[in-house]
Protein chains: 2
Amino acid sequence: MPHPTPKRRNAEKTQQAILDAACQVFFEKGYDAAGTREIADRANVNVALISRYFGSKEGLFKTAILPKLNIDFMLEEEMDNFGQRIAEMFAAKSGEKQFDPVIALLRASTSKEAIPLLRQTVEEQIIKPLAARLKGKAAYERASLIVTQLTGYDLLNRIVNVKTISTNNAEDMTRLLAKTLQDLVDAS
Amino acid sequence: MPHPTPKRRNAEKTQQAILDAACQVFFEKGYDAAGTREIADRANVNVALISRYFGSKEGLFKTAILPKLNIDFMLEEEMDNFGQRIAEMFAAKSGEKQFDPVIALLRASTSKEAIPLLRQTVEEQIIKPLAARLKGKAAYERASLIVTQLTGYDLLNRIVNVKTISTNNAEDMTRLLAKTLQDLVDAS
DNA sequence: CAAATAAGTCAACAACTGATTACTTAAATG
DNA sequence: CATTTAAGTAATCAGTTGTTGACTTATTTG
């Protein structure tokens with residue numbers, strides 16, 4: 001008896017299962033290397049349902065990953081200790097294996113189809129709101145450099161796994177990163 | 001008469017043609033998206049010769065790209081204007097379409113097979129020599145943060161093509177990047 | 001309960017991937 | 001010049017990719 005209860009049908013739950021599985025696989029493998037069949041298998045769902053519900057792999061990526069990108073929680077508190085807060089946060093998630101939308105996006109950052117989505121998200125959802133919180137001149141430029149620093153940090157630390165970043169001296173690393181970021185926040 | 005002179009045979013030149021074409025294609029498309037057939041076509045060479053001369057696509061990548069990564073020329077001059085020099089250099093190559101090994105490596109940075117090669121190169125060929133040129137404490141940590149900043153800058157500026165980085169205010173951008181880098185060089 | 005609709009399945013397509021094998025042809029060697 | 005060695009070619013393998021159309025089955029509606 002392979003199917004005692006032949007599985008209740010529920011489009012909404014199926015779509016959610018696909019979205020959850022997509023997050024996991026895109027996070028682990030990036031855009032290109034993530035196969036629709038693997039996503040469907042992990043969701044315990046037929047491959048064809050991806051096309052049915054999300055149109056295409058690109059549509060699935062858009063629906064699953066992009067909305068998770070939100071840095072509001074980084075900007076809620078005061079900005080005079082932004083550097084320290086963020087540096088500690090990035091250091092803390094160094095070893096994390098759990099889903100992280102930033103890593104998912106970075107792993108997709110070299111895929112032809114994902115780049116336009118990524119570009120818009122970085123501009124609108126990340127740099128723009130950050131710049132809005134910066135007082136003084138050249139807010140966009142400073143925001144951009146904060147984002148490039150954090151981007152490179154996550155890329156080399158968590159994707160390329162460069163040892164000198166994660167293992168050397170975590171305290172020094174966090175302190176220096178905090179200072180670098182805060183200087184960009186405070187710069188005039 | 002399709003072949004008036006049926007093409008002189010020269011293994012060395014053939015290998016060089018493959019290497020040159022490989023640089024171009026890896027630079028343009030990254031590791032995964034670069035196909036062996038396209039590389040062979042651009043080199044005007046049969047696909048099978050890639051396997052013959054370089055064993056595999058990975059072997060070709062290793063031979064073609066990795067040796068081009070060399071930051072010695074960045075470290076030859078004095079370090080008290082490092083920030084300004086490098087910031088100007090990175091700003092200048094913003095619009096470049098020509099082969100750049102850094103971009104080639106970045107475009108490969110999310111490919112499973114290329115990551116180990118990339119990691120070792122970043123550690124040994126980039127962070128290590130840079131750290132050796134930094135006086136004071138936490139040289140490795142400061143070198144790492146310089147590299148992460150430049151990595152993120154190139155990734156978002158030249159691969160993702162984030163507009164706020166390239167088009168907004170180039171002067172401010174260069175000035176701020178120069179200061180950020182120099183502070184990390186001078187930090188104690 | 002029967003008909004209509006929605007949900008899910010299956011098999012296949014067409015395009016592509018990296019790599020290999022057996023082959024042909026040119027160049028070098030004696 | 002004949003033979004050996006090296007260089008290059010063509011066809012193909014086995015695998016994967018995203019996507020689709022025809023089908024079956026469950027759920028809801030009248």
Side-chain angles (χ1 to χ4, degrees), chain A residues 1-22 25-26 28-65 107-108 110-114 117, chain B residues 1-22 25-26 28-65 107-108 110-114 117:
Chain A
M1 265 192 280
H3 293 294
T5 49
K7 192 189 278 184
R8 291 278 290 190
R9 290 185 170 183
N10 184 333
E12 204 175 327
K13 284 198 175 176
T14 299
Q15 291 171 31
Q16 195 54 54
I18 295 174
L19 288 173
D20 292 346
V25 180
F26 282 131
E28 290 170 18
K29 307 204 162 186
Y31 183 82
D32 288 330
T36 52
R37 281 168 179 82
E38 179 171 359
I39 294 173
D41 286 352
R42 286 220 212 172
N44 269 315
V45 142
N46 192 284
V47 205
L49 294 179
I50 291 181
S51 301
R52 181 201 278 305
Y53 290 131
F54 303 99
S56 64
K57 181 180 173 180
E58 190 181 337
L60 175 58
F61 181 82
K62 222 185 293 193
T63 313
I65 303 292
R107 285 223 170 87
T110 55
S111 301
K112 205 181 165 199
E113 294 145 293
L117 308 175
Chain B
M1 262 193 283
H3 294 293
T5 49
K7 192 189 280 184
R8 292 278 291 190
R9 291 186 170 184
N10 185 333
E12 204 175 328
K13 285 198 174 176
T14 299
Q15 291 170 32
Q16 195 54 54
I18 294 175
L19 289 173
D20 292 344
V25 181
F26 282 131
E28 290 170 18
K29 306 202 162 189
Y31 183 83
D32 289 328
T36 52
R37 280 166 179 85
E38 179 172 359
I39 294 173
D41 286 351
R42 286 219 212 173
N44 269 317
V45 141
N46 192 287
V47 206
L49 295 180
I50 291 182
S51 301
R52 182 201 278 306
Y53 289 132
F54 303 99
S56 64
K57 181 180 172 180
E58 190 180 337
L60 175 59
F61 182 82
K62 222 184 293 194
T63 314
I65 303 291
R107 284 222 171 88
T110 53
S111 301
K112 206 180 163 195
E113 292 145 294
L117 308 173

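The sequence lines fix the lettering, A, B, ..., with proteins before strands; numbering per chain opens at 1. Because only heavy atoms are used, hydrogens play no part in the values below, and waters and symmetry mates are left out as well, while side chains stay in.
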task: Could you check which of C:dA7, D:dT20, C:dT20 has an atom nearest any side-chain atom of A:A11?
output: C:dA7

message: Which nucleotide wins on minimum distance to the side chain of A:R9, given the candidates D:dT19, C:dT20, D:dA26?
response: D:dA26

- prompt: For the atom pair CD1 (A:I39) and CG (A:D20), what is the distance rounded to the nearest 0.5 Å?
  reply: 11.5 Å

field: Nearest-Å distance for atom pair CD1/C1', residues B:I50 and D:dT9
entry: 14 Å

statement: Residue pair B:A48/B:E12 against DNA chain D: nearer the 5' end by closest nucleotide is B:E12

task: Measure from NZ or CZ of B:K57 to the centre of the six-membered ring of B:F26 and say whether it is under 6.0 Å with the direction within 45° of the ring axis.
output: no

message: Using whole Å, what does the distance between atom P of nucleotide D:dT27 and atom CG of A:N10 come to?
response: 10 Å

field: side-chain contact (heavy atoms from CB on, under 4.5 Å) partner of B:Y31, the single match among B:E58, B:R107, B:K112
entry: B:E58

- prompt: Between D:dT27, D:dG8, D:dT20, which nucleotide has the shortest distance from any of its atoms to the side chain of B:Y53?
  reply: D:dG8

task: For B:K13 and D:dA6, give me the distance from atom NZ to atom C1', rounded to whole Å.
output: 18 Å

message: Any salt bridge linking B:K62 with B:E113? Criterion: basic side-chain nitrogen under 4.0 Å from a carboxylate oxygen.
response: no

query: How many Å lie between CG on A:N46 and P on D:dG21, as a whole number?
result: 15 Å

query: Contact class for B:V47 (heavy atom, under 4.0 Å): base, sugar-phosphate, or nothing?
result: nothing

statement: Of B:R52 and B:E58, the one whose nearest nucleotide on DNA chain C sits closer to the 5' end is B:E58

- request: May I ask you to evaluate whether B:S56 reaches the phosphate of C:dG18, defined as a side-chain N or O under 4.0 Å from OP1 or OP2?
  value: no

field: Reported OG1-to-CG distance for the pair A:T110 and A:D32, which is rounded to 0.5 angstrom
entry: 7.0 Å

query: Of the candidate nucleotides D:dT27, D:dT17, C:dG18, which contains the atom at the shortest distance from the side chain of A:R37?
result: D:dT17

field: Distance, rounded to the nearest Å, where B:K57 contributes NZ and D:dT16 contributes C1'
entry: 13 Å

- line: From CZ of A:F54 across to P of D:dT20 the rounded distance in Å is 15 Å

message: Any side-chain N or O of A:T14 below 4.0 angstrom from OP1/OP2 of C:dA7?
response: no

- prompt: For the pair made of CG in B:N44 and P in D:dG8, what is the distance, rounded to whole Å?
  reply: 12 Å

- prompt: For A:L60 and D:dG18, what is the distance between atoms CG and P respectively, to the nearest whole Å?
  reply: 11 Å

message: At 4.0 Å (heavy atoms only), tell me whether B:A34 reaches a base, stays on the sugar-phosphate, or touches nothing.
response: sugar-phosphate

